[in-house]
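Starting from 1, each residue takes its place in the sequence as its number.
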Amino acid sequence: MSDTRTENRLSSVRDSIRGANEWLVGVGVLMVLFCIICTLLEVQTSEAAITNGGAMSLLRPDVATFWQLVDLVEGHLTPAQIVVVIWGWGSQIIYFACIVGYKHFHKSIARHNELLAKACTGGAVLITFYNCVTDYNYVGLVINNFWWQVAISSVIALGSATLGIAGLHFIKAGFGKE
């Protein structure tokens, strides 16, 4: 009996893959991958800014940055590293909250305290602005042209904020699920 269910599931997966729009799925996967790269860069520039770090390579996002959260939870970080990780990831998560669900972010706090909701919103805007400034500054270490710095730091910020969501929608639409 379970062999029949397994075969039916595999058949369903095969049919979904055969009917997929490869272009939508491919572009969606690229968008999600670029979002991950931009997120790593966002966290790394925020961390470098708080530690007055030197020039970091914008062309080499460090995948180990994702393990910082695990190290934080498991208690493997020094107090100085904890501050850096909380700032880098905290500012990025606040940025995601504002981009993905600003209304939910604000309403969830306002339901309990309207003044606190306004303060959190203002703080989130300031943190997001500072995050963009750190991107701009670190791009400036590689390219010393105002408009290129604005353009590249904007691509990093928007890539981190929007491409993951849009990429998932592309993949879903590619499989005909939307």
Side-chain angles (χ1 to χ4, degrees), residues 1-47 56-70 73 85 88-111 117 120-121 123-125 127-136 138-139 142-143 147-178:
M1 177 105 171
S2 69
D3 290 337
T4 306
R5 283 189 205 166
T6 304
E7 186 56 40
N8 287 341
R9 287 183 187 148
L10 288 174
S11 177
S12 175
V13 169
R14 276 189 231 115
D15 290 344
S16 292
I17 292 171
R18 270 190 226 121
N21 181 329
E22 294 87 5
W23 287 105
L24 280 176
V25 173
V27 171
V29 168
L30 287 174
M31 291 167 79
V32 170
L33 289 174
F34 194 72
C35 172
I36 292 169
I37 291 167
C38 289
T39 298
L40 290 171
L41 293 174
E42 288 274 334
V43 171
Q44 288 173 246
T45 57
S46 295
E47 290 176 351
M56 54 166 278
S57 174
L58 289 173
L59 302 176
R60 292 189 192 133
D62 187 2
V63 178
T65 304
F66 285 118
W67 287 109
Q68 292 175 337
L69 297 173
V70 174
V73 172
V85 169
W89 279 104
S91 61
Q92 190 63 24
I93 292 167
I94 289 169
Y95 184 52
F96 284 155
C98 290
I99 297 299
V100 174
Y102 170 77
K103 283 177 22 182
H104 299 294
F105 179 68
H106 183 77
K107 279 184 182 180
S108 65
I109 300 167
R111 185 178 353 194
C120 285
T121 300
V125 167
I127 288 170
T128 300
F129 177 75
Y130 183 75
N131 204 3
C132 292
V133 169
T134 61
D135 291 343
Y136 174 84
Y138 276 91
V139 169
V142 179
I143 297 171
W147 290 112
W148 277 112
Q149 283 177 258
V150 169
I152 293 169
S153 58
S154 297
V155 167
I156 293 170
L158 291 173
S160 172
T162 60
L163 287 181
I165 298 167
L168 292 175
H169 284 289
F170 269 58
I171 293 168
K172 196 174 171 184
F175 285 109
K177 306 288 184 192
E178 201 164 50

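In this structure, OG1 on T134 lies 6.5 Å from CD on E42, to the nearest 0.5 angstrom. Separation of atoms CD1 (I94) and CD (Q92) is listed at 10.0 Å; rounding is to 0.5 Å. One finds the OG atom of S46 at 3.5 Å from the CG atom of N131 (value rounded to the nearest 0.5 Å). Note that CD1 of I36 is 12.0 Å distant from CG of L41, once rounded to the nearest 0.5 Å. A distance of 11.0 Å separates CG in D135 from OH in Y130, rounded to the nearest 0.5 Å.
Every pair passing side chain to side chain donor-acceptor pair (under 3.5 Å) that includes a residue from residues 30-41 is listed here, sequence neighbours excluded: T39-S160.
Checked against side-chain contact (heavy atoms from CB on, under 4.5 Å), V125 has no partners two or more places apart in sequence or in another chain. Annotation: side-chain contact (heavy atoms from CB on, under 4.5 Å) contacts of T128 (sequence neighbours excluded): Y95. Not counting sequence neighbours, S154 has no partner by the side-chain hydrogen bond (donor to acceptor under 3.5 Å, both in side chains) test. Remark: Q68 pairs with E47, W89 by the side-chain hydrogen bond (donor to acceptor under 3.5 Å, both in side chains) rule, at least two apart or across chains. With sequence neighbours excluded, the residues forming a side-chain contact (heavy atoms from CB on, under 4.5 Å) with I109 are F105, L116, A117, C120, listed by chain and number. Shown here are the side-chain contact (heavy atoms from CB on, under 4.5 Å) partners of V73, two or more places apart in sequence or in another chain: there are none.
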Q44 and D62: CA distance, side-chain angles, deciding distance, side-chain hydrogen bond (donor to acceptor under 3.5 Å, both in side chains) verdict:
CA-CA 8 Å; Q44 288 173 246; D62 187 2; 5.5 Å; no
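For the pair T45/I156, no side-chain contact is recorded, criterion being any heavy-atom separation below 4.5 Å from C-beta on. Taking the side chain as every heavy atom from C-beta outward, L40 and F66 approach each other to under 4.5 Å.
In this structure, T162 contributes its side chain and G159 its backbone to no donor-acceptor pair below 3.5 Å. Checking side-chain atoms of Q149 against main-chain N and O of V139 turns up no donor-acceptor pair under 3.5 Å.
Considering every non-hydrogen atom in both V155 and C38, the closest pair reads O-SG, 4.1 Å.
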